[in-house]
Amino acid sequence: MSSHSTPQLFKLARHAMGTVFEFALVGDDPRYLQSAAEEAMEEVERLDRQLSLFNPTSDLSRINAAAAYEPVRLEPRLFRLLQRAQEFHRETEGAFDIATGALKSCWGFKEGTGRMPTPEELSRATENSGFHHVVLEERHRTVSFTHEGVALDLGAIGKGYAVDRAVDLLVEKGVESALLHGGGSTMYALGIPPDQPGWKVSLPGGQKVGGSRAYVSLTDRALSVSSDTYQSFESEETRFGHILDPRLGEPARAATSVTVLAPSATDSDALSTAFYVLGASRATQYCETHPLVAAVLETPEGRTVFVGQIGHESITAHSTHEEVEL
Amino acid sequence: MTEGLKINRRDFMKEAAATAAAFSLLLAEEDNARAQAGGESLLCGVIGVGVHGRELLTQLAGMKNAQVVAICDPYAPSIKKATEIAGEAATYDDYRKMLDQEKPIQAVLVATPLHLHTPACLESLKAGKHVFCEPPLGLTVDQCKELAKAASDSGKVFQVGHQRRSSPLYRHALNFIKNGLIGDMTHVRSQWHRNESWRKAAPNPEQEKLVNWRLYKESSGGLMAEYGSHQIDVVNWYTKSVPRSVVGIGGIDRWKDGREVYDNVQVIYEYPSGVKMVYTSILSNTHWSEFDEYIGTDGAIRISRQQKGLLFKEPEAIHMGWEELAHKEQVGDEQGIILDPNATRLVKPEEEAAVKAEIARSDFRRELEDFVSCIKEGKQPASTVSDGLRSSVAALKANEAMEKGTRVQLGEELFTF
């Protein structure tokens with residue numbers, strides 16, 4: 001890396017995974033930063049091809065097409081991602097579940113903004129949903145389903161995983177300061193920006209402190225948000241959000257917005273969905289045994305609940321002149 | 001179709017038949033030896049594990065009948081990333097060492113910088129391996145011809161990584177063209193457009209040329225070699241011919257960073273039948289990204305990102321009954337008929353599962369499965385070394401045309417070995 005006296009900011013944005021990924025990198029050499037950012041984005045695009053449900057020849061489509069009939073052999077990185085998803089499923093007692101493709105389709109959330117399923121559709125989809133229908137066999141690195149109709153959907157973990165892979169690549173390239181996000185809902189703050197104690201990020205839930213929007217200062221930490229703001233429908237004056245409770249087979253109602261801070265974006269992405277399903281009390285229990293995870297939940301009653309070691313003290317009133325805009 | 005095209009076609013058929021016969025005899029002996037050894041998985045070595053080499057590793061890691069036992073790359077960070085995919089494979093920084101020490105390897109896949117394609121393939125053939133090589137075959141026409149001859153004489157399977165040849169969609173489009181759906185093909189328009197620097201982050205100046213080999217003429221053929229060769233190959237395949245001349249203009253217009261290869265290439269090929277292929281590749285915009293468009297007197301077929309095929313009929317063209325039933329998509333003012341290779345496939349209920357799984361495979365996966373099955377069953381690959389020579393020469397000669405600023409004739413002697 002050649003050296004310049006003033007730190008430079010380089011930004012790159014690309015469409016991937018049905019949204020926009022944006023990276024902001026800080027360093028001495030803008031050309032080097034651009035190359036590193038492009039390589040990291042290339043990895044995100046590769047993962048988009050591998051994990052997309054909308055690409056009929058992605059690895060995920062291949063799993064969904066074949067795993068009910070024969071074990072499907074996976075490359076090691078994808079197998080490990082499915083194992084991680086299985087761990088989240090166990091740790092959250094089923095609140096996080098990637099084997100809910102059938103439920104998501106029946107509620108119309110796979111491609112659209114949702115619809116009310118018939119009782120028969122819901123019953124069939126419930127029977128075909130749940131990680132207990134998924135068998136991961138480590139020795140041969142295979143995945144299989146117990147029966148036809150089961151489908152994986154990595155929508156609640158894929159973007160976080162992609163952000164983490166991009167961060168790994170930047171770190172390997174020697175980048176020490178960067179902010180990366182996928183669709184604004186999952187981000188990772190690497191190191192610190194110049195002359196700042198951390199990357200200042202407005203809480204996506206729009207929480208306020210003293211009448212001003214609140215922000216959190218992030219360093220080597222990921223943040224994800226889950227809410228039903230963008231994908232929901234109304235039926236008989238009831239709002240149905242796109243985040244489903246896999247245990248009940250219907251839209252979750254324990255929170256209206258969840259922001260999670262965690263050591264990795266894979267973790268924050270998965271846990272923001274899990275906490276949305278579990279609600280504040282169970283999220284608190286989870287954070288007691290996982291001290292590096294913290295969360296802010298908006299309850300259906302309109303209360304803001306801080307969970308884990310986030311503490312009110314680190315949420316501060318927003319001051320615009322310090323904001324890093326992506 | 002012209003007489004020129006028919007003559008070319010006869011030559012192709014004769015050559016294909018003769019090669020296939022010689023090939024089956026040589027392979028039968030080897031298959032027996034392997035059957036005695038009792039191996040189920042094809043033992044593979046991969047030379048060059050940069051971005052594309054790792055894509056090959058990713059596909060191979062998901063296959064039950066292939067096992068990567070060795071990987072090779074002089075750039076340590078690439079080896080480190082590749083071991084995440086092929087963790088049990090032995091690692092090397094020199095392919096000659098790998099070939100010398102990994103005798104059980106049956107097949108070698110070459111995804112090195114372009115200037116190493118020919119030597120790595122030649123050494124692999126000399127060591128008695130089957131070879132899969134990304135196109136082009138070499139950095140110069142002479143290198144390509146030398147490799148084509150060696151591969152042809154070896155009796156080994158030599159597959160060139162033109163993955164579109166393994167694509168059901170491209171095969172489907174070819175059937176449409178053969179059946180006259182677009183009338184007489186007069187024109188092809190292909191592009192590969194990206195908005196990026198094509199530059200990798202080199203850790204120090206000493207490793208600049210190792211990491212950024214694509215940017216320098218001593219190791220790269222630029223956009224024409226990396227992307228153009230793939231798209232030209234389809235036109236060679238569809239027309240059963242090779243271009244007879246090429247003109248073009250290129251420039252380093254956006255990325256003036258010391259690179260030597262063009263970031264903006266605009267090329268026209270002329271085929272013996274009269275077909276003109278217009279090829280464009282740039283590193284400054286992503287609009288329409290990547291597509292191939294085959295245009296005839298009755299219609300045009302457009303294949304976007306190697307994934308979606310659309311047929312646009314001319315208003316006066318004869319309309320078939322099935323067209324009413326086919327799925328359609330509006331593109332601007334025109335309505336395209338979606339080309340679905342599986343739309344009319346008749347599947348027995350007991351075969352439905354297998355067919356579903358078969359359809360959900362990427363073209364990269366298909367070409368590697370083809371490679372393995374060609375070795376196991378003694379078949380000719382969908383993309384042979386002769387196909388590789390044709391696309392390679394066409395791509396390399398476009399660079400010459402752009403550099404000289406003249407129309408370059410592509411005589412038959414360039415494509416023979």
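Throughout, protein chains are lettered first and strands after them, A, B, ... in sequence-line order, and every chain is numbered starting at 1.
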Salt bridge check: are [X] and [Y] linked by an N-O gap of less than 4.0 Å?
{"X": "B:E358", "Y": "B:R366", "result": "yes"}
{"X": "B:E226", "Y": "B:R214", "result": "no"}
{"X": "A:D267", "Y": "A:R84", "result": "yes"}
{"X": "B:E88", "Y": "A:R141", "result": "no"}
{"X": "A:R46", "Y": "A:E43", "result": "yes"}

Worksheet item: When only pairs under 4.5 Å are counted, which of B:R365, B:K64, B:R199 shares the most heavy-atom pairs with chain A?
Response: B:R199

Discussion item. At a heavy-atom distance under 4.5 Å, which candidate from B:E55, B:K80, B:K356 has the highest pair count against chain A?
Written reply: B:K356

Practice prompt. Count the heavy atoms of every other residue, nucleotide or ligand shown that sit under 6.0 Å from CZ of B:R305, and state whether that count exceeds 12.
Written response: no

Discussion item. Please determine whether the number of non-hydrogen atoms from other residues, nucleotides or ligands lying under 6.0 Å from atom NZ of B:K256 exceeds 12.
Written reply: yes

Identify which part of [X] has an atom lying under 4.5 Å from any heavy atom of chain A, answering side chain, backbone, both or neither.
{"X": "B:L57", "answer": "neither"}
{"X": "B:E84", "answer": "both"}
{"X": "B:D257", "answer": "both"}

Worksheet item: From B:R194 CZ over to B:S284 OG, what is the distance, rounded to the nearest 0.5 angstrom?
Response: 12.5 Å

Worksheet entry | Proximal component of A:L78, with respect to chain B [non-hydrogen, under 4.5 Å] | neither

Fill in: Stepwise ring-ring contact (aromatic ring centres under 6.0 Å, His included) test for B:H287 and B:H193
CA-CA 7 Å; B:H287 178 60; B:H193 285 189; 8.6 Å; no

Item to complete: Could you have a look at A:E70, A:R165, A:Q50, A:R49 and say which one has the most heavy-atom pairs with chain B under 4.5 angstrom?
Response: A:R165

Worksheet item: Any idea which of A:E148, A:R14, A:H140 has the most non-hydrogen atom pairs under 4.5 angstrom with chain B?
Response: A:R14

Worksheet item: Within residues 44-54 of chain B, which positions have a heavy-atom distance to chain A below 4.5 Å?
Response: B:V51

Worksheet item: Would you call the rings of A:F23 and A:F21 parallel, tilted or perpendicular, where under 30° means parallel and over 60° means perpendicular?
Response: perpendicular

